[in-house]
Amino acid sequence: MTSNKTIMMTCTAAVAAAVMVLAGCGSSGGSSTGSTDSKSESQAFYAAAMFPQTGSLAYLGPPEEAGFKLAIADINEAGGVNGADAQSSIADTSDGDHADQNSAAAQSALSKNPSVVIGPPSSSVVKNSYKQVTSAGVPMISQGATSTAFSGLDKNFFRVIPPDTVQGAVLGQVIAQDGVKNLAIAVFNDEYGTSLRDVVVKTVESAGVNVVYGEKDTFDPAETNFSSIVTAIKASNPDAVLVIAFDQSKSIFKELASQGVDTHKLYMTDGNTADYSKDLDAGLLEGSKGTIPGAHPGEDFQARLKTQVKDLKDYTYAAETYDAVILSALAATKGGDNKPATVSANLMAVSGANGGEECSTYKDCVAALKSGKDIKYKAQSGIGSFNDDHDPATASIGVYKFDGSNKPNFDHAQEGAVPTK
């Protein structure tokens, strides 16, 4: 997350111990889908997911699980990968404040001898775990880590979400276009938070907006009392407040309201643009806005996601997760085997980096590959092909507006190109 929201979504020394210790670290110990006989595991395409099922990013777990499981189901319904059903598992990463569990989740994923690791969605969790995965020669595809520092991070690191340079620029434009003159920013000291904040500040200041608080100020992600922070924000006399945080946001919103700061003029990012209808008094966020990278899932795709996770209400990173799995399976198909090096080597090509025939389903893309054609997978999330930094070359940023029940509703999308280093 972009930068935000987006995710992941750790305590062992040996592979055998990793799975056992995960439960002791607050993890579910992982879940798996598909056949698990040793023969199929040694030959099959294996997607190992790292999602947040506990911690401050746990709300991202269900939509990511839905996208992950739907992709595996679509792949297997179309005949699997290179002649065998795809296999999968999910390990709980928790959040960036639980570095041990981040590491244990990576160890658990690697113990499966995977073709690819999907996730984590959090920039902080990626920072804590990517070297374990990529140094083992396994490609890692994040669906939500938006830190600007991750462009060109590693030859085996990819992401299907644009860096914060895109979301930050779009959000800054929205703030300026809304006529804000004096902006305060409450941001946690996190890889995601500070990198996104810096892009927003640059964008709004170039548009004539004054940042009256938060250009350098941050708070600890473990903070629980926001009284003094909100007091400082109120004293800066802002027209609007941007909050860049995760689950801490609920406490911040309540404190802003209790001190008389206008909570109808708040701005948020993907890390906290969520449904607060059960957490906050009705109308508290009405009129506030937030941004989420990626195309808003259509009704048909939402319905398909719900076949995997019932009562799904949040779709953050569901499409991105789905795309990450499909792209990796297509890369294995193009390369002719399910080895991680093969997946990594062919991801750019199947994304359309070299051009090719556009295809929107795994089945159709496989048919095109088997007929000897180059392909360009048309992603559910609306991203373009991978660029040389392994970022999507183009991306859509959704702008959402909160209603009287404190739910964000899709308002419009703004397209953005992703710069390369």
Side-chain angles (χ1 to χ4, degrees), residues 1-6 67 71 116 118-119 121 123 139-148 150-171 173 196 199 270 291-298 301 315-331 333-334 343-362 364-366 368-369 373-399 410 412-421:
M1 323 177 50
T2 333
S3 335
N4 80 64
K5 248 170 174 209
T6 308
V116 65
I118 306 298
S123 294
M140 171 183 272
I141 310 177
S142 175
Q143 71 276 44
T146 56
S147 170
T148 56
F150 291 170
S151 296
L153 181 67
D154 186 280
K155 67 178 182 179
N156 288 319
F157 179 79
F158 297 78
R159 54 181 168 185
V160 287
I161 195 82
D164 288 327
T165 44
V166 182
Q167 180 182 195
V170 169
L171 179 56
Q173 291 165 11
L196 182 51
V199 178
D270 58 312
T291 52
I292 300 177
H296 184 66
F301 190 61
Y315 300 95
T316 305
Y317 302 147
E320 286 80 4
T321 305
Y322 179 92
D323 289 338
V325 180
I326 296 297
L327 280 164
S328 55
L330 290 173
T333 300
K334 180 174 175 60
V343 174
S344 190
N346 288 282
L347 277 167
M348 290 188 65
V350 297
S351 75
N354 304 320
E357 180 177 297
E358 190 173 276
C359 50
S360 59
T361 68
Y362 176 75
D364 289 346
C365 290
V366 168
L369 287 171
K373 298 177 181 177
D374 289 328
I375 65 166
K376 180 179 182 179
Y377 171 63
K378 184 178 180 181
Q380 286 284 344
S381 57
I383 59 168
S385 58
F386 289 120
N387 63 23
D388 290 341
D389 289 333
H390 294 177
D391 293 334
T394 59
S396 175
I397 305 296
V399 179
F410 179 71
H412 68 281
Q414 293 184 207
E415 298 294 323
V418 179
T420 55
K421 285 187 175 180

From [X] atom [atom1] to [Y] atom [atom2], the distance as rounded to the nearest 0.5 Å:
| X | Y | atom1 | atom2 | answer |
| --- | --- | --- | --- | --- |
| Ser344 | His390 | OG | NE2 | 6.5 Å |
| Ile118 | Thr321 | CD1 | OG1 | 8.0 Å |
| Phe150 | Arg159 | CZ | CZ | 7.5 Å |
| Met348 | Asn387 | CE | CG | 7.0 Å |
| Thr333 | Leu369 | OG1 | CG | 6.5 Å |

Tell me, please, which residues at least two apart from [X] pass side-chain hydrogen bond (donor to acceptor under 3.5 Å, both in side chains).
| X | answer |
| --- | --- |
| Gln414 | Gln173, His412 |
| Ser381 | Asp323 |
| Thr165 | none |
| Ser396 | Glu415 |

Could you tell me which residues satisfy side-chain contact (heavy atoms from CB on, under 4.5 Å) with [X], sequence neighbours excluded, listed by chain and number?
| X | result |
| --- | --- |
| Ala71 | Tyr322, Val325, Ile326 |
| Val160 | Ile141, Gln143, Glu320, Ala324, Leu327, Ile383, Phe386 |
| Asp364 | Cys359, Thr361 |
| Ala329 | Phe45, Ile75, Val81, Tyr362 |

Might you point out which heavy atoms bring [X] and [Y] nearest each other, and give the distance in Å?
| X | Y | value |
| --- | --- | --- |
| Val350 | Leu330 | CG1-O, 3.7 Å |
| Pro162 | Ala395 | CG-CB, 3.5 Å |
| Asp391 | Ser151 | OD2-OG, 2.6 Å |
| Phe410 | Gly398 | CE1-CA, 4.0 Å |
| Ile161 | Ala145 | CG2-O, 3.5 Å |
| Val343 | Ala331 | O-CB, 3.4 Å |

Legend entry - Which residues share a salt bridge (charged side-chain N to carboxylate O under 4.0 Å, His left out) with Lys155, sequence neighbours left out: none

Inset, instruction - Under the salt bridge (charged side-chain N to carboxylate O under 4.0 Å, His left out) rule, collect the residues that match up with Lys334, sequence neighbours excluded. - result: Asp374

Inset, instruction - State whether the number of non-hydrogen atoms from other residues, nucleotides or ligands found under 6.0 Å of Asn354 atom CG is greater than 12. - result: yes

Inset, instruction - Please report the C-alpha distance between Cys365 and Lys378 in whole Å, then the side-chain angles of each, then the deciding distance to 0.1 Å, and finally whether the side chain to side chain contact (heavy atoms under 4.5 Å, CB included) criterion is met. - result: CA-CA 10 Å; Cys365 290; Lys378 184 178 180 181; over 6 Å; no

Legend entry - Contacts of type ring pair (Phe, Tyr, Trp, His ring centres under 6.0 Å), residue Tyr377, not counting sequence neighbours: none

Inset, instruction - Start with the C-alpha gap between Met140 and Asn156, add the side-chain angles, then the distance that decides, and say whether side chain to side chain contact (heavy atoms under 4.5 Å, CB included) holds. - result: CA-CA 6 Å; Met140 171 183 272; Asn156 288 319; over 6 Å; no

